[in-house]
Structures are given as structure tokens and as C-alpha cells.
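Note sheet for the following structure.
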Amino acid sequence: MKKILVICLFGLALFSFLDRKVSTTQIVQNVYAGYTADSDSVLQNAIDNKLSNLQVGGSGYVVKILADDLKGSRHQRFILKIAGGNTLLVAHNIDLAPRIENLNVGDTVEFYGVYEFNNKGGVIHWTHRDPRGQHQSGWLKHNGSIYK
């Protein structure tokens, strides 16, 4: 009887673990096709709950273009306004990925990268490939071109 109980508990734990894996997979589904409505809610949840180090996708329009950050790895920087009204700083590593040329205020940019909370809304980074292959690649999409 104890063996059956242990097997049942193990099966329940395994099912619970696999169920969580499916949810994560659903969030990251087909990143090159853009983002899903679930992505917007995941990002808004991260902002609302001050979460960081979270792989997210989304879209917004450019409200401000900032000067490049030239300290250490060079980053193209701009601010997006997203669906929920929040703003995000995008820090796109231009030592590892091509710069988005002809980026203008009002343009729409889709993104897939890592979200980090800050008191101004947050930062999206890792919008590029990892040359070491140890981190999930990210990207930006502007006017039909993907930058990674």
C-alpha cells in the first residue's frame, strides 16, 4: 500500500512539474512571428509585481530616442510606450547585433528580450544572440526587419 501511495505522489508531482513547463512554453511560443496577447499580460504582470530577469516579448511605439551608451559594450537606447501605458527603456547591444537604422519617434518596435524592473517602468535588454550560446537569444523587429 505504501508503494502505491509513493507512486501516486510521484506521478502527481511529475504532472504538476510538466504542467508548469507547458505554461512557460506557451508564453514563449513562436517568437519570430511576434508576440501574443499572453506576452502583454506577462510583461504587465512583471511591471506590476516589480519582477526582474524575465524573458518577455512585446511591442510598443518609440516615444524618445536617446544617445548611445558607449561605456563598456555599446548599446543603442530608446524608450517605448507599451499597451498598458508604461514606458520601457530598450538597451540594444550594437557590439553583438546590428543597429536599427532610421528609427524614428512614433515607429513601432517589437521585442523579445530580458525585462528588468526599475522605478521608471523597466529595461529590456538581451535583444541579441549570445555568442557563447549560454543565454536565450533575443531580437528587435522594426519595419519588417529583425535585428539580433
Side-chain angles (χ1 to χ4, degrees), residues 9-148:
L9 288 174
F10 178 76
L12 184 60
L14 181 61
F15 177 76
S16 177
F17 173 78
L18 291 175
D19 188 44
R20 280 192 221 132
K21 286 290 196 187
V22 169
S23 297
T24 302
T25 302
Q26 289 169 347
I27 291 168
V28 186
Q29 53 186 283
N30 201 359
V31 295
Y32 287 112
Y35 68 98
T36 66
D38 287 343
S39 297
D40 286 337
S41 63
V42 169
L43 181 54
Q44 190 61 52
N45 181 59
I47 293 167
D48 293 345
N49 293 296
K50 302 178 181 180
L51 303 176
S52 288
N53 197 28
L54 191 65
Q55 194 82 31
V56 298
S59 177
Y61 66 92
V62 178
V63 293
K64 189 167 187 176
I65 297 173
L66 305 171
D68 290 350
D69 178 0
L70 303 176
K71 296 176 186 163
S73 298
R74 299 175 309 138
H75 288 79
Q76 180 179 20
R77 301 179 314 145
F78 53 93
I79 298 175
L80 292 178
K81 182 166 271 200
I82 59 173
N86 296 89
T87 57
L88 299 173
L89 170 64
V90 176
H92 180 59
N93 188 321
I94 53 176
D95 285 335
L96 295 175
R99 163 191 296 286
I100 298 178
E101 297 297 338
N102 303 315
L103 183 66
N104 296 299
V105 170
D107 288 357
T108 298
V109 176
E110 292 179 52
F111 57 86
Y112 186 70
V114 174
Y115 172 78
E116 302 290 344
F117 174 81
N118 68 28
N119 61 2
K120 294 182 180 180
V123 178
I124 299 291
H125 66 107
W126 275 100
T127 56
H128 55 82
R129 63 177 173 74
D130 178 5
R132 295 182 185 160
Q134 298 175 346
H135 192 281
Q136 186 168 5
S137 294
W139 49 263
L140 297 175
K141 186 175 182 181
H142 175 254
N143 288 340
S145 296
I146 296 175
Y147 300 82
K148 58 179 182 168

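More than 12 heavy atoms of other residues, nucleotides or ligands shown are found within 6.0 angstrom of CG on N49.
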**Prompt:** Passes side chain to side chain contact (heavy atoms under 4.5 Å, CB included), I47 versus I82? Steps please.
**Reply:** CA-CA 11 Å; I47 293 167; I82 59 173; 3.7 Å; yes
**Request:** I would like to know whether Q136 and Y112 meet side chain to side chain contact (heavy atoms under 4.5 Å, CB included); could you show each step before the answer?
**Result:** CA-CA 10 Å; Q136 186 168 5; Y112 186 70; 2.9 Å; yes
**Request:** Kindly determine whether L140 and F78 satisfy side chain to side chain contact (heavy atoms under 4.5 Å, CB included), including the steps that lead there.
**Result:** CA-CA 12 Å; L140 297 175; F78 53 93; 4.1 Å; yes
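Taking every heavy atom of both residues into account, T127 and A91 meet most closely at OG1-O, 4.1 Å. Pairing each heavy atom of R129 with each of S137, the nearest pair is CA-OG, 3.4 Å. In this structure, S52 and F117 approach most closely via the heavy-atom pair OG-N, 2.9 Å. Scanning all heavy atoms of the two residues, the minimum distance from R77 to A67 falls at NE-O, 2.9 Å. Nearest approach of I124 to G113, heavy atoms of both residues: CG2-CA, 4.3 Å.
Contact annotation: the side chain of L103 approaches that of V109 to within less than 4.5 Å [non-hydrogen atoms, C-beta and beyond]. In this structure the side chain of L89 never reaches within 4.5 angstrom of the side chain of N118, judged on heavy atoms. Between K120 and T87, the closest side-chain pair of non-hydrogen atoms is not below 4.5 Å. Counting only heavy atoms from C-beta outward, the side chains of V56 and F111 approach each other to under 4.5 Å. Considering only heavy atoms from C-beta on, L88 comes within 4.5 Å of L43 through its side chain. Between V62 and N104 the shortest side-chain heavy-atom distance does not fall below 4.5 Å. In this structure the side chain of T108 reaches within 4.5 angstrom of the side chain of S59, judged on heavy atoms. For the pair W139 and E110, the minimum side-chain heavy-atom distance is below 4.5 Å.
Each of R74, H75, H128 was checked for a side chain to side chain donor-acceptor pair (under 3.5 Å) with D95, and the lone residue meeting it is R74.
Looking only at distances, a side-chain donor or acceptor of Q76 sits under 3.5 Å from a matching main-chain atom of I100.
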